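Some notes on the structure that comes next.
Chain identifiers are assigned alphabetically (A, B, ...) following the order of the sequence lines, protein sequences preceding nucleic acid strands; residue numbering begins at 1 within each chain. Below, each value reflects all heavy atoms present in this structure, side chains not excepted, and no hydrogens, waters or symmetry copies. Small disclaimer: the values here were computed from a predicted structure and weren't measured.
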Number of protein chains: 2
Amino acid sequence: MTDRRVKRTRRLLKAALVELLSEQAYESVTIRDLTDRADIGYATFFRHYDSVNDLMLEIFTEFIQDLETYTDRTDEGYFEREGTSLFEHVEENRTLYRSIFESHTFSKKFREHFEALVRGHLDDRSKYISSKEVPIDVAAQHMVSSILGLVNWWLMENTPPSVQQMGKIYELLIIKGTWQTLSSANPTNLPWEV
Amino acid sequence: MTDRRVKRTRRLLKAALVELLSEQAYESVTIRDLTDRADIGYATFFRHYDSVNDLMLEIFTEFIQDLETYTDRTDEGYFEREGTSLFEHVEENRTLYRSIFESHTFSKKFREHFEALVRGHLDDRSKYISSKEVPIDVAAQHMVSSILGLVNWWLMENTPPSVQQMGKIYELLIIKGTWQTLSSANPTNLPWEV
DNA sequence: AAGATATGATATACAGTGTACCATAAAAGA
DNA sequence: TCTTTTATGGTACACTGTATATCATATCTT
């Protein structure tokens, strides 16, 4: 695993895929495309990865780790503050986000990671949640759909609002919108305003 | 176009695809699978459709038409009444909905149709919308993400709530949740309660 | 310097798409 | 009913892309 040649090959392949994603759709990338771009032998690919999905998974995993350290910067830990962090991360990785959202497999994976995160936040605030009509997992799913919908909209827009504007929309539409529905707290006494 | 043989072939192919979708993933269906199931010659497929996507598009189009006549039953025309209609339609077409949501191409198409519908509703209620921070197309996108997220959750759940329960959740989480955020109206004087 | 191993190149098998061709069956029109 | 038209089945073939096997060579580790 420490062999320089192995590290070089894997590095070249990952770089090749990231590069290709800004030129063509993820689904259209072939193994020949990758080995040509990385300038390595075709068969060599299979000595490291099972498939393009397998290679993408490695990039995706590193990407998720990057996102998690990124959103953890704001140690206050509240949802609405993380909104701006999320959109900053998206802005800096537009191409990769677009590719992930284009792929059914990886948008699903991304959603799963995100849902776990949101579930954690909701569990932390469970004492404020009074709604018996909306189950907790439906609420989590709803926030995830809303957030990822907003991110997706922002990615596809040709003249997108700034990160700050998106943070504002995020707070208004998703945090307040959902929270008012689920919350037993007085609107003037919501947790993020304490 | 009126040739009995043509109609027969196309009918058999559509039936074969619908049948196969309850047995395997949409992406995995090959043309050979279809012609074997329909019991027609392989080359015959290409005399009618370009690709599996092309065949699926025909099924999808008929499906969308069915949905539209379905949701039009409730002539009052309000969002929250259509919630139950939507979930009724999903319940009666679970397999097809699952296949559509599994396919990036068709979930996108479905989303586009739905978004046009929601945009129409929002435009009808534009006088109630006061929010200057949330653009109208972001609001429409947000409702669509929320609704389709909820439908998707319902489809994947092994012990899903009833249609009536889903209608209730829909009204609370999506209609009221979003509307309160966008609306200038007094909560006791929202349009659907008039 | 010697042994281990990753790579490049090539051949091969395989699955799936898409086209061309022709004999045959079935439909449409008189 | 007879003739013409056309859709179908079957087959062969070219093409793309995946995946494995093999072997000489280059590169790395110790």
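Counting to the nearest Å, the P atom of dC13(D) and the CZ atom of F46(B) are 18 Å from each other. Rounded to an integer number of Å, the gap from N53(B) CG to dG18(C) P is 10 Å. Taking atom CG of residue D36(A) and atom P of nucleotide dG17(D), one finds them 11 Å apart after rounding to whole Å. Going from atom CG of L12(B) over to atom P of dT8(D) covers 10 Å, rounded to whole Å. Nucleotide dA6(C) holds its P atom 20 Å from the CG atom of D39(A), rounded to whole Å. At whole-Å resolution of the value, CD in Q24(A) and P in dG17(D) are 10 Å apart. For the pair K7(A) NZ and dA6(C) P, the computed distance is 14 Å after rounding to whole Å. To the nearest angstrom, P of dA25(C) lies 15 Å from CZ of R8(B).
Residue R5(B) is in base contact, counting any heavy-atom pair closer than 4.0 Å across all strands shown. Note on D50(A): only backbone sugar-phosphate atoms sit closer than 4.0 angstrom, heavy atoms only; bases stay farther off.
Taking the side chain of R47(B) as heavy atoms from C-beta on, and the options dT18(D), dT8(D), dA21(D), the nearest nucleotide is dT8(D). Taking the side chain of A43(A) as heavy atoms from C-beta on, and the options dA6(C), dT20(D), dG18(C), the nearest nucleotide is dT20(D). Among the nucleotides dA27(C), dT18(D), dA6(C), the one closest to any side-chain atom of D3(A) is dA6(C).
By the 4.0 Å N-to-carboxylate-O rule, K108(A) lies too far from E102(B) to be salt-bridged with it.
Side-chain N/O atoms of R4(A) include none lying less than 4.0 angstrom from OP1 or OP2 on dA6(C). A sub-4.0 Å separation between OP1 or OP2 of dA6(C) and a side-chain N or O of H48(A) is absent. In this structure, T9(B) does not reach the dA7(D) phosphate: none of its side-chain N or O atoms is under 4.0 Å from OP1 or OP2. Proximity of T44(A) to the phosphate of dG8(C): a side-chain N or O atom is located under 4.0 Å from OP1 or OP2. Applying the 4.0 Å criterion to OP1 and OP2 of dT18(D), one finds that R32(A) has every side-chain N and O outside that range.
Using bins of under 30°, 30° to 60° and over 60° for the plane-to-plane angle, the ring pair F46(B)/Y42(B) lands in the perpendicular bin. The aromatic rings of F110(A) and F63(A) are tilted relative to each other, their planes meeting at an angle between 30° and 60°.
In this structure the side chain of H142(B) never reaches within 4.5 angstrom of the side chain of L150(A), judged on heavy atoms.
A residue-by-residue look at I40(A) and V29(B) shows that I40(A) has its nearest nucleotide of DNA chain C further toward the 5' end. Residue G41(B) is the one, among G41(B) and I31(A), whose nearest nucleotide of DNA chain D lies closer to the 5' end (criterion: closest heavy atom).
Every residue two or more places apart in sequence or in another chain that forms a ring-ring contact (aromatic ring centres under 6.0 Å, His included) with W154(B) is listed here: F87(B).
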